[in-house]
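Heads up: the structure comes next, in structure tokens.
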2 protein chains.
Amino acid sequence: MTSAYQHLHRTFSRLSRFGHLSAIAGWDMQTMMPPQGNQARSEALAEMSVLCHGILTAPEVGQWLAQAHQETLNDVEQANLREMQVAYQNAVLLPASLVEAKSLAGARCEHAWRSQRPANDWQGFAANLKEVVRLTREEAEIRAQAGGTSRYDALLAVFEPGMTSAQLDGLFGDLKQWLPDLLQKVVAKQQAEPCLTPTGPFDLEKQRQLGLQVMSLLGFNFDGGRLDVSTHPFCGGVPEDVRITTRYNEQEFLSAMMGVIHETGHARYEQNLPREWLGQPVALARSTAVHESQSLLFEMQLSRSEPFLKVLQPLATHMFGNQPALEVENFVRLNQRVQPGLIRVDADEVSYPAHVILRYEIEKALVEGEIEVDDIPALWDEKMQAYLGLDTRGNYRDGCMQDIHWTDGAFGYFPTYTLGAMYAAQLFQTANRAIPTLQRDIAEGDLSALFEWLRQNIWQHGSRFPTAALITNATGEPLNPAYFRQHLESRYL
Amino acid sequence: MTSAYQHLHRTFSRLSRFGHLSAIAGWDMQTMMPPQGNQARSEALAEMSVLCHGILTAPEVGQWLAQAHQETLNDVEQANLREMQVAYQNAVLLPASLVEAKSLAGARCEHAWRSQRPANDWQGFAANLKEVVRLTREEAEIRAQAGGTSRYDALLAVFEPGMTSAQLDGLFGDLKQWLPDLLQKVVAKQQAEPCLTPTGPFDLEKQRQLGLQVMSLLGFNFDGGRLDVSTHPFCGGVPEDVRITTRYNEQEFLSAMMGVIHETGHARYEQNLPREWLGQPVALARSTAVHESQSLLFEMQLSRSEPFLKVLQPLATHMFGNQPALEVENFVRLNQRVQPGLIRVDADEVSYPAHVILRYEIEKALVEGEIEVDDIPALWDEKMQAYLGLDTRGNYRDGCMQDIHWTDGAFGYFPTYTLGAMYAAQLFQTANRAIPTLQRDIAEGDLSALFEWLRQNIWQHGSRFPTAALITNATGEPLNPAYFRQHLESRYL
């Protein structure tokens, strides 16, 4: 007789296979699809999303979940069942009408935002955003009642299970104490250090070749993945076939190179998820923040460190020829430059947390109903002034309208960027203790011990352990923000 | 209340959307996918094919079809209902166990064939092929009993509804009377005409640029399609986003160029299918042979004609520089060269029908149980000798093992190539009568009147009319092979 667990296993395999087709079609949409394919593609993906929601929330799935808890399961199966339960619960709570309404309002808001942002049209944007916020609050209320949490915590749990706003308040409250001061000191210190800007143009095909070389150095498996171009870089595809993207600017190659490194961090996590459980929830990456910890470990901890920049520099000059701005000392400075700015995605790692904390504070208040959409611009200006010393008044385009996240209702996502940075620092410093030769290895371009450590401590576990357990197993303690502070102070002061 | 027809409309829309995802994932598999993606992709596509089979053959679909015949429908809806009925009937006849067994046996046979063919391993191949033939006969028997036809006719109807082996016997019997003689005469005539071979290498990026130029000239819509590279050229994707492929050889560019033209013929049919019914069966291309008529009209009727070769020649020399072999007279000869050879896909249009007739005669006898798999090599040798004067004994690789079609059980497909050639000749000669300036237009590179004629007479109708009606409406008479003979004689004698 087929056990309830076996039924669930088969159901989640089917979902994973259908998800495979959506992932590839989604990647294609951003990289290959000609414009006239858009409507048919959107309809096809929406039809698939309705199908998968129906499969996941079918009554028998709920019954199998209840029965499976009574069956004899090994450790991995129990972890898989826990993840199945979370996926089911997250999906089944919301009435189909709310899912559809939120999806439509989000699509409308995002679509309009693409022209409203360049037009600096806050009023037009706010009208759409209000509807997204209204539906998000409805969703949060339903999730909060089911989970016995606050509304914001209920949304946070979708992206980062186990994390709470109480914990975030502590982490971010601490950061706010020392970060603005650190930032000022670093900026003052760097003002005394001249830094030349490289002179382009930098041939796009050569930039691509450099990206491929760096991916090879970082262990990307090209038999199970690709590098392509898209407007917004991302890591997509499926674990068996990971597709990363970047974008090129003929005048400046370092952003694309560091972008490739960042996505390669995501990609190696995906490429090294546990093969034997593939297609099951337990084989998926642990969480948004843990995923970001891998990209930031690759980009910030490893690749912007002086020893590894000295490995990257000859690759760059070999490709583009040398010039004073690409000499070693200047190359290091270029890649460690700190400069508070208006735009989050362009931010260095010292000012980045300020962007995140600002958004966290605003979105939490918004979801909890303590503020309304009309209050956002004033709060944004006030916090940008306080945290980064920048005046953004009237500049909605480069202020509260700069991100895509809120347009389609992804409230609760922003904190994972800084959580990822903190996990990355903690993991990297632990790896340095565990591998005594690591700094020398890195200087020689030999990353094998680092990758083996990551494979054993993070990648191979998929979602087998909750995040707190995964991090404690890997580093000997739960999330400790002191590592991040120590990293920033030792690199930049 | 929702009518039965509306239920069907919704069901076929869903199938079309799911088919969209499979089409893009299938295209990706041939053009983009790294090798390690293969297993997961195959599983995802198989899961989708099971889903779609289930949706199409659900009991309520049968009931809706019966009810819809009683409802008030306009002409297009009636045609759509007819096509839905055919799709349902084709799918519902076969037990799921047979579909799965045939799919597995076909996949196994095809997979092994990829290494057996280069190894010339007929014995190994025959063992797998026997199982495919056994299951194909089972399928044919079921379809034949349901349709009251012969077994081979039942398979033929899947690819070419309305066509029968009685009609093919007539058409091909006639061809066999005059084709071998014509072929001999053409070869003798061309032996007196010296023909130089172009000297490479021909830069692959330039070959791609030439292909894109020719596609533009032929009206390909790049906002709704792409050109890429694959081992076996094809036209895929969906009507809103048509993906054609080619392959390049650095020593020889004419094959890739003519291949692009051929696929562009398929693509323009797809890109001009009726937009207002998209997603419904009535909006699909009429049949395999009608599809091939469009690619062959573009390649053989138009592009290998002397006036259009004189339009193509300056594009080629502009791209690659001139050389004696690319001078106009030699360029025309190169593209009109007739040379009987062992390989069907490399054949010129005079010897091509001989390849098709040979396969038709063998596969019909095989399906009807008049011969067995072990009889194929001897029959192949005998017919190659009789129709093309070539000795293939012992050369299975370039003989009866050269094609992929039989490996996965596509019996009944081969005749559509030559039916397509005949339709192409009939359509092109009709267009020439309907557009008195056509030959002059073509010489000037102005194809707008030809495309408008094709749009009005073929493309815009999708599957609204049965093939015989479509051709009669377009040309004033049903399929008449005299046009094809006349075309070959006037071009080559």
Side-chain angles (χ1 to χ4, degrees), chain A residues 10-29 31-52 54-55 205 220-228 236-244 267 270-271 275 278-279 283, chain B residues 10-29 31-52 54-55 205 220-228 236-244 267 270-271 275 278-279 283:
Chain A
R10 165 80 185 114
T11 301
F12 279 87
S13 279
R14 281 188 83 205
L15 287 169
S16 168
R17 288 168 179 177
F18 292 145
H20 177 134
L21 298 180
S22 292
I24 296 300
W27 167 86
D28 182 275
M29 204 168 178
T31 55
M32 298 288 157
M33 190 185 76
Q36 287 177 13
N38 190 58
Q39 195 187 333
R41 183 67 54 86
S42 304
E43 287 169 5
L45 287 171
E47 190 75 58
M48 180 56 100
S49 134
V50 169
L51 174 80
C52 289
I55 292 173
E205 176 54 27
F220 185 91
N221 170 14
F222 285 96
D223 282 340
R226 295 176 51 95
L227 169 67
D228 295 278
V238 294
E240 300 91 332
D241 177 6
V242 177
R243 310 278 174 104
I244 72 170
E270 290 287 317
Q271 290 189 325
R275 289 323 228 212
L278 273 185
Chain B
R10 165 82 185 112
T11 301
F12 279 88
S13 278
R14 281 187 83 204
L15 287 169
S16 168
R17 287 167 178 177
F18 291 145
H20 177 135
L21 298 180
S22 293
I24 295 300
W27 167 87
D28 182 275
M29 204 168 178
T31 55
M32 299 288 159
M33 190 183 75
Q36 287 178 12
N38 190 57
Q39 195 187 334
R41 183 67 54 85
S42 304
E43 287 170 5
L45 288 171
E47 191 74 58
M48 180 55 101
S49 135
V50 168
L51 174 80
C52 289
I55 292 173
E205 176 54 27
F220 185 91
N221 170 13
F222 285 96
D223 282 340
R226 296 176 50 94
L227 169 67
D228 294 278
V238 295
E240 300 92 334
D241 177 5
V242 177
R243 310 278 175 104
I244 72 170
E270 290 288 316
Q271 290 189 325
R275 289 325 228 210
L278 272 186

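Protein chains get the first letters and strands the later ones, always in sequence-line order, with residue 1 at the start of each.
- A salt bridge is absent between R226(B) and D241(B); no separation between the charged side-chain nitrogens and carboxylate oxygens falls under 4.0 Å.
- Contacts between D223(A) and chain B at a heavy-atom distance below 4.5 Å involve backbone atoms as well as side-chain atoms.
- In this view, S42(B) and M29(B), N38(B) satisfy the side chain to side chain contact (heavy atoms under 4.5 Å, CB included) rule, not counting sequence neighbours.
- Annotation for P34(A) and F222(B): closest pair CB-O, 3.6 Å, computed over non-hydrogen atoms.
- Salt bridge annotation for R17(B)-E240(B): absent, with no cationic side-chain nitrogen under 4.0 angstrom from a carboxylate oxygen.
- Taking every heavy atom of both residues into account, I244(B) and A267(B) meet most closely at CG2-CB, 3.7 Å.
- For chain B, the option among A46(A), P35(A), G225(A) with the highest count of heavy-atom pairs below 4.5 Å is P35(A).
- Counting heavy atoms from C-beta on, the side chains of S16(A) and H20(A) never come closer than 4.5 Å.
- Between chain A and the residues V238(B), L278(B), L51(B), the largest count of heavy-atom pairs under 4.5 Å involves L51(B).
- Ranked by heavy-atom pairs under 4.5 Å with chain A, the list R41(B), Q39(B), M33(B) is led by R41(B).
- There is no contact between D228(A) and chain B, counting heavy-atom distances below 4.5 Å.
- Here N221(B) is the residue among V50(B), N221(B), V242(B) with the most heavy-atom pairs under 4.5 Å with chain A.
- Only the side chain of R243(A) comes within contact range of chain B, with heavy atoms under 4.5 Å apart.
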